[in-house]
Structure formats: structure tokens, C-alpha cells
J.: 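Provided herewith is a single structure, encoded as C-alpha cells, for subsequent inquiry.
Throughout, numbering of the chain's residues begins at 1 and tracks the sequence. Since the model is a prediction, treat every value here as computed from it, not as a measurement.
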Amino acid sequence: KGKDHWALCPFCDDGKNPAFSVSDQKQFYYCFKCRASGNAIGFLMNYHSKDFLESVEMLAKNLGLEIPITSSSKDMERYSFLYGLNDLAKDFYLKNITSDPGAKKVRKYLNERGIKDEILRDFEVGYAPEGWDNLIKHFNNLKQEIKTDTSLFKEGKKDRLYDVFRNRIIFPIFTKKQKVVGFGGRVIDVNDNPKYLNSPESEVFKKNRELYGLPNVLQTNSKPDQIIVVEGYMDVLACFSFNLPFAVATLGIATNKFHIETLFSKTEEIIFCFDGDEAGKNASKLALEIAIGVMKDGKKIKFLFLPENHDPASLLLEEGSKKFNELIKNATNLSTFLLDTILEKYDETIESKAAASKEFLDSIRRMPESNFKGILKKEFSSKLGIELEEDKKIDFVSKKHPLQKEENIALGKVTKSILKCIIHDPDLAKSEYLDFFDRDNSFVGELIAFLRTKSEVSFPLIIQQFPNQKNFLIDLSND
């Protein structure tokens with residue numbers, strides 16, 4: 001029709017009347033039914049469940065373009081070497097769970113916990129046998145180089161190497177690109193400590209950037225309606241075994257902002273699941289503090305509290321998925337949890353209302369401006385029967401390093417395309433794959449560093465921040 005192309009929408013059911021339009025001139029797609037929109041990179045991210053870098057690589061390959069690599073070849077060789085070692089270790093552990101005599105008790109334990117064999121295969125769960133050097137011997141048989149800085153081995157007395165994981169159930173940790181970056185190990189003997197042991201961090205493994213089970217969730221459904229965050233590996237496996245294939249777990253650390261932003265890029269609703277004990281309540285309050293700073297319109301965060309003395313795995317085994325689904329359905333919204341957490345501490349006196357108001361305003365100060373934030377303020381005011389008055393904000397504008405006038409900014413085709421995408425969708429600047437730009441002193445590096453400090457950015461604000469590049473940015477936006 002006219003200048004635009006029309007088709008059936010790949011993201012919704014628009015029947016026999018195509019509602020999905022693609023504009024050559026604007027380099028943009030839009031569905032008039034489900035409101036899905038974006039550019040070519042955004043389409044690949046949403047439709048094929050690719051991350052930002054994978055989408056850029058796919059487009060560049062189709063156009064015959066080469067993406068500039070800033071990491072040194074030695075770094076790339078190092079990463080490849082570590083991934084290779086982890087793959088070999090994963091295959092070794094995986095083989096042991098079916099062939100090693102000691103694995104019989106492991107399979108029995110997992111089956112008794114309700115974990116299905118097909119789920120164990122999907123997650124490639126393995127077994128590290130008893131003994132100090134089984135993996136070392138395996139590597140020696142393969143004539144594979146062994147290094148102490150690979151997180152698979154440690155150095156003991158007299159410089160003797162030994163395996164990190166021994167007599168443990170092994171959970172390989174995969175990235176969204178299906179690369180093994182580390183392992184989690186659970187004890188089999190109840191007298192062993194610690195109960196859970198994770199690979200130490202390395203060049204390829206950062207605990208605060210990975211979520212166990214996320215690749216499996218996205219493989220089942222690239223755009224799940226909801227994702228539930230549980231505590232451990234076994235909880236994730238139990239959820240999948242009981243036909244709840246949308247569970248992930250952090251790796252022995254508290255949920256952070258990056259975790260939530262990663263999940264929000266894949267789903268509209270996140271449910272945090274906590275044990276009903278005191279530790280679970282404390283963990284929920286920490287998650288609430290982090291979630292407040294990321295909450296925005298169109299997204300939901302809920303909190304689910306399990307009965308005391310239960311974790312997801314034990315509850316599913318005892319009560320089944322029906323009970324767990326009821327808990328999910330009745331999970332507490334972030335707004336309700338926040339208000340209840342504050343108001344339960346105070347009585348009806350004026351002094352208490354003033355103290356509650358101060359705590360509430362302090363709590364939401366980090367929340368990005370949105371309709372949700374405005375409605376939340378009104379709801380709090382209504383519950384207390386008062387009108388909130390915020391402290392007047394004083395804007396402290398950080399001194400900018402003055403940029404030299406640049407009549408011409410020379411950028412490669414790929415970099416220019418990336419920059420254009422970021423201008424249209426500033427949230428893309430927060431992608432970890434653009435970290436090398438953030439370390440750059442160029443205009444692109446300064447722009448990305450600026451966008452990463454803001455929760456919501458308009459194009460006029462970008463122009464205001466970079467007046468010397470005004471014409472360039474306008475031309476790029478209209479290109």
C-alpha cells in the first residue's frame with residue numbers, strides 16, 4: 001500500500017487483514033493491532049530471540065559487512081580456550097551421570113525429588129565422581145593443556161593440582177549463546193560443605209550477569225508471559241519437571257538491576273519467589289529495593305511467598321503444580337508489597353503519617369518517572385488520607401568535558417547503524433555488548449556513557465547534551 005509494505009504480524013494474530021507495516025523510508029516496522037514496533041535490529045531481537053550483538057552480526061553478515069572487533073586477538077583466543085575447557089568438562093560430567101558406578105545414588109536422589117530424566121538431559125546435568133583428580137586424568141588422557149586459572153582446578157600443597165568439583169551433582173551454566181561459562185555443584189553427602197559450590201569468576205564467567213535456566217526458558221518460549229525467579233538450581237529443574245518452564249535462578253547472589261533488565265527484555269512480568277522463613281522475607285525486601293529502580297509502565301513485578309519450611313522443589317513434590325500455580329496467580333504486586341511493607345510499621349498518629357511519608361518518598365526516589373510512579377503516589381496519599389509533598393529537587397548538573405567542534409564525524413557503516421538504533425531506542429545503550437564503546441573517548445563513547453546514566457531519554461535531551469553534534473544527530477535520526 002503506497003510506500004509501505006504490509007504483511008500478517010509475526011507477533012500477534014491479526015486474522016486475514018494484515019496489520020503489520022514496514023516503511024522503507026523510515027526503516028521502521030509497526031503493527032496496528034499489537035503495537036509491536038522497532039527497526040531491523042529490534043525485529044531480530046524480538047522475533048528470533050537474539051541479543052543485540054547477535055542481531056547486529058546477522059544483519060552485517062547479510063550485507064557483507066565486517067563488524068570491528070576491539071578486543072585483541074589474544075583475548076579472543078583466551079576466551080575460546082576457556083569455553084573449550086568448559087565444554088570438555090561438561091561432557092565429562094555428563095557422561096559420568098550415566099556411566100560412573102557412583103552416579104546411581106545421584107540419579108536416585110534426583111528422581112526422588114521429582115526431577116524428570118528428560119529435564120536432566122535438557123539441562124545437561126552431570127556428576128563429578130569422588131576423588132581428587134578425575135577431571136585432571138581425563139584431560140591428561142585427551143592431552144589437553146591444564147591451567148590453574150581456568151576455575152576447574154586448584155593448587156594445593158607442593159603445587160599439586162586437584163579438581164574443584166568432587167562428589168557433586170554438576171549444573172552447567174550456559175549463556176544465551178549456549179556457551180558454558182561455569183558450573184554449579186551440589187553435595188550428595190549431607191555432611192559435605194558447602195551445600196552449593198559455584199565456579200569462581202573468570203574472564204568469561206560473571207555471576208552478576210548470568211541467570212541459570214534462562215536459555216532453556218527462551219528455547220521453550222522466546223516471549224514468555226512471565227518469568228519466575230527462584231533460589232537454586234534444583235528449584236529451576238523442579239519447575240520444568242512440573243510443566244512450569246519459565247523459571248530462572250541467580251547464581252548464589254542477590255538479584256541485581258542487570259538481572260531485572262535482562263528479564264524485562266524477554267517478558268512483561270517477573271515473579272520473585274521466596275521461602276516463607278525470615279531469610280526469605282529479608283531477601284524479598286532487598287529485591288524490592290532493586291526492583292523499584294527499574295520499574296516502568298507496561299511492566300509488572302510480583303512477589304510470591306511459599307509456606308514455611310518449603311522451597312519450590314519441595315512444594316511441587318508435595319502439592320503438585322496446581323497448588324504452585326495458585327500461588328503464582330495470587331502473587332503480590334510490587335505496589336501492594338511496597339505500601340504494606342511501609343504502612344504496617346506505623347499507626348494513625350500525625351507523627352507516624354509523616355514518618356511513613358518520608359520513608360515512602362525515600363523508597364521511590366530512584367524510581368524512573370512514569371505513570372506508574374504517579375499513580376503509586378496517589379494510592380499512598382489515599383491510604384493515609386494526606387497529600388504528599390516532596391522536597392524540592394535541586395538539579396546538580398555535572399560538568400561536561402567540552403567537546404571540540406566536529407564538522408565531520410567519520411563513522412563506519414556498522415557503527416553508524418548501531419548509533420542510529422541507539423538514538424531511536426536509548427535503552428539499547430545499556431547492553432553489555434557496547435561496553436567497548438563506553439571505554440572509548442570518542443563521541444560515540446561519550447554518548448553511550450551519557451545514555452547509561454539516564455532512565456528515560458528524549459531526543460531533544462540528547463541534542464541539549466551534545467550541541468556541537470546537533471546537525472549530525474539530526475541527520476542521523478532522519479536518515
J.: Test: ring-ring contact (aromatic ring centres under 6.0 Å, His included). Region: residues 280-301. Which pairs qualify, not counting sequence neighbours?
T.: none
J.: My understanding is that only residues two or more places apart in sequence, or in another chain, count here; which of them pass ring-ring contact (aromatic ring centres under 6.0 Å, His included) with Phe303?
T.: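 Phe272, Phe337.
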J.: Can you tell whether the side chains of Glu203 and Arg78 come within less than 4.0 Å, N to carboxylate O?
T.: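 Looking at Glu203 and Arg78, the cut-off is met.
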J.: Under the side chain to side chain contact (heavy atoms under 4.5 Å, CB included) test against Ile271, which residue among Leu327, Val229, Ile328 passes?
T.: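 Single side chain to side chain contact (heavy atoms under 4.5 Å, CB included) partner of Ile271 among Leu327, Val229, Ile328: Ile328.
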J.: Who are the side chain to side chain donor-acceptor pair (under 3.5 Å) partners of Glu308, not counting sequence neighbours?
T.: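 Residues passing side chain to side chain donor-acceptor pair (under 3.5 Å) with Glu308: none at all.
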J.: To the nearest 0.5 Å, what is the distance between CG on Leu211 and CG on Asn216?
T.: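 The distance works out to 12.0 Å.
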J.: Considering non-hydrogen atoms only, spot the tightest contact between Gly213 and Val248 and give its length.
T.: C-CG1, 4.0 Å
J.: So for atom NZ, which belongs to Lys105, do other residues, nucleotides or ligands contribute more than 12 heavy atoms lying within a distance under 6.0 Å?
T.: yes
J.: Tell me if a side-chain donor or acceptor on Lys206 pairs with a main-chain N or O of Ser202 at a distance below 3.5 Å.
T.: yes
J.: Which pairs pass salt bridge (charged side-chain N to carboxylate O under 4.0 Å, His left out) with one or both residues in residues 218-240, sequence neighbours excluded?
T.: none
J.: For the atom pair CD1 (Ile173) and CZ (Phe183), what is the distance rounded to the nearest 0.5 Å?
T.: 8.5 Å
J.: Could you walk me through whether Ile301 and Phe264 satisfy the side chain to side chain contact (heavy atoms under 4.5 Å, CB included) test, starting with their C-alpha distance in whole Å, then the side-chain angles of each, then the deciding distance to 0.1 Å, before giving a yes or no?
T.: CA-CA 10 Å; Ile301 292 179; Phe264 268 158; 3.6 Å; yes
J.: Can you list, pair by pair, the side-chain donor-acceptor contacts under 3.5 Å of residues 116-125, counting residues two or more places apart and other chains?
T.:
| from | atom 1 | to | atom 2 | distance (Å) |
| --- | --- | --- | --- | --- |
| Lys116 | NZ | Ser241 | O | 3.2 |
| Asp117 | OD1 | Asn111 | ND2 | 3.3 |
| Glu124 | OE1 | Lys90 | NZ | 3.0 |

J.: List the residues meeting side chain to side chain donor-acceptor pair (under 3.5 Å) with Glu268, not counting sequence neighbours, and say none if there are none.
T.: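 Result, side chain to side chain donor-acceptor pair (under 3.5 Å) vs Glu268: Lys299.
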J.: Do Arg166 side-chain atoms and Asp163 backbone N/O form a donor-acceptor pair below 3.5 Å?
T.: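 Yes; at least one donor-acceptor contact below 3.5 Å.
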J.: Looking at side-chain heavy atoms only, is the closest gap between Leu451 and Ile462 below 4.5 Å?
T.: yes
J.: Does a side chain donor of either Asp275 or His310 reach within less than 3.5 Å of an acceptor in the other side chain?
T.: no
J.: Sequence neighbours left out, what passes salt bridge (charged side-chain N to carboxylate O under 4.0 Å, His left out) with Glu261? Give chain and number order.
T.: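 Here no residue qualifies.
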J.: Considering all heavy atoms of both residues, which atom of Phe205 and which atom of Val181 are nearest to each other, and what is their separation?
T.: CB-O, 3.2 Å
J.: Nearest 0.5 Å, please: how far is CG in Leu316 from CZ in Phe324?
T.: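 Interatomic distance, Phe324 CZ to Leu316 CG, rounded to 0.5 Å: 5.5 Å.
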J.: Any side-chain heavy atom of Val294 sitting closer than 4.5 Å to one from Met367?
T.: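 Answer no - side chains too far apart.
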J.: According to side chain to side chain donor-acceptor pair (under 3.5 Å), who are the partners of Lys108, at least two apart in sequence or on a separate chain?
T.: Glu112
J.: If you apply the rule side chain to side chain contact (heavy atoms under 4.5 Å, CB included), what do you find for Asn208 with Leu251, and how did you get there?
T.: CA-CA 8 Å; Asn208 63 353; Leu251 305 177; over 6 Å; no
J.: Cationic tip of Lys154 within the cone over Tyr162's six-membered ring, i.e. under 6.0 Å and within 45° of the normal?
T.: no
J.: Identify every side-chain donor-acceptor pair in residues 94-103 under 3.5 Å, counting partners at least two apart or on other chains, and give the distances.
T.:
| from | atom 1 | to | atom 2 | distance (Å) |
| --- | --- | --- | --- | --- |
| Asn96 | ND2 | Phe92 | O | 3.2 |
| Asn96 | ND2 | Tyr127 | O | 3.2 |
| Thr98 | OG1 | Lys95 | O | 3.1 |
| Ser99 | OG | Lys95 | O | 2.8 |
| Asp100 | OD1 | Gly102 | N | 2.8 |

J.: Is the backbone of Val180 close enough, under 3.5 Å, to the side chain of Asn86 for a donor and an acceptor to pair up by distance?
T.: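 The answer is yes, because a donor-acceptor pair under 3.5 Å joins these two groups.
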J.: Classify the ring geometry of Tyr233 against Tyr196: parallel below 30°, tilted from 30° to 60°, perpendicular beyond 60°.
T.: tilted
J.: Hey, what do you get for CD1 (Ile290) to NE2 (His259), rounding to the nearest 0.5 Å?
T.: 11.0 Å
J.: Of all the heavy-atom pairs spanning Ile170 and Pro172, show the shortest one and how long it is.
T.: O-CD, 3.6 Å
J.: Mind checking the CD1-CG spacing from Ile227 to Leu214? Nearest 0.5 Å is all I need.
T.: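 Reported value, rounded in 0.5 Å steps: 6.0 Å.
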J.: What distance do Leu263 atom CG and Ile270 atom CD1 have between them, rounded to the nearest 0.5 Å?
T.: 4.5 Å
J.: Quick one: which residue pairs count as a salt bridge (charged side-chain N to carboxylate O under 4.0 Å, His left out) with a foot in residues 312-325, not counting sequence neighbours?
T.: none
J.: Shortest non-hydrogen contact from Ile292 to Leu334?
T.: N-CD1, 4.5 Å
J.: With side chain to side chain contact (heavy atoms under 4.5 Å, CB included) as the test, would you mind laying out the steps for Cys273 and Val230 before giving the verdict?
T.: CA-CA 5 Å; Cys273 180; Val230 294; 4.1 Å; yes
J.: Could you check whether any side-chain N or O of Asp192 sits under 3.5 Å from a backbone N or O of Ile188, counting only pairs where one atom can act as donor and the other as acceptor?
T.: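 No, Asp192 side chain to Ile188 backbone: no donor-acceptor pair under 3.5 Å.
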J.: With a 3.5 Å distance limit and no angle check, can you tell me whether Thr267 reaches the backbone of Pro224 through a side-chain donor-acceptor pair?
T.: yes
J.: Would you confirm whether the ring centroid of Phe240 sits within less than 6.0 angstrom of the ring centroid of Phe246?
T.: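 No, the ring of Phe246 stays outside the 6.0 Å limit from the ring of Phe240, centre to centre.
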J.: Check ring-ring contact (aromatic ring centres under 6.0 Å, His included) between Phe242 and all other residues, then give those that pass, not counting sequence neighbours.
T.: none
J.: Any non-hydrogen side-chain atom of Asn134 less than 4.5 Å from a side-chain atom of His138?
T.: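 No. Closest side-chain heavy atoms not under 4.5 Å.
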J.: At their closest point, which heavy atom of Phe43 faces which heavy atom of Pro10, and how far apart are they?
T.: CE1-CG, 3.8 Å
J.: Please examine the side chains of Leu315 and Asp311, heavy atoms only from C-beta on, and report whether any two atoms are closer than 4.5 Å.
T.: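 Result no, sub-4.5 Å side-chain heavy-atom pair not found.
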J.: Determine whether Phe171 and Tyr212 make a side-chain contact, defined as any pair of heavy atoms from C-beta on separated by less than 4.5 Å.
T.: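 Yes, at least one pair of side-chain atoms sits under 4.5 Å.
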J.: Donor-acceptor pair, distance only, cut-off 3.5 Å: does the side chain of Ser21 make one with the backbone of Tyr30?
T.: yes
J.: Kindly indicate whether the side chain of Val187, heavy atoms from C-beta on, has any atom under 4.5 Å from the side chain of Asn167.
T.: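 Val187 does not reach Asn167 side chain to side chain.
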J.: Do side-chain atoms of Asn39 reach the backbone of Gln27 as a donor and acceptor pair under 3.5 angstrom?
T.: no
J.: For Lys207, is there any backbone N or O sitting under 3.5 Å from a side-chain donor or acceptor partner on Glu210?
T.: no
J.: Minimum heavy-atom separation for Asn198 to Phe165, with atom names?
T.: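 The answer is C-CZ, 4.2 Å.
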J.: Among residues at least two apart in sequence or on other chains, which ones pass salt bridge (charged side-chain N to carboxylate O under 4.0 Å, His left out) with Lys302?
T.: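 With sequence neighbours excluded, Lys302 shows a salt bridge (charged side-chain N to carboxylate O under 4.0 Å, His left out) to Glu269, given in chain and number order.
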J.: Between Tyr109 and Arg186, is any side-chain donor less than 3.5 angstrom from a side-chain acceptor?
T.: yes
J.: Could you tell me if the side chain of Arg366 sits less than 4.5 Å from the side chain of Glu289, heavy atoms only?
T.: yes
J.: Donor-acceptor pair, distance only, cut-off 3.5 Å: does the side chain of Thr175 make one with the backbone of Lys179?
T.: yes
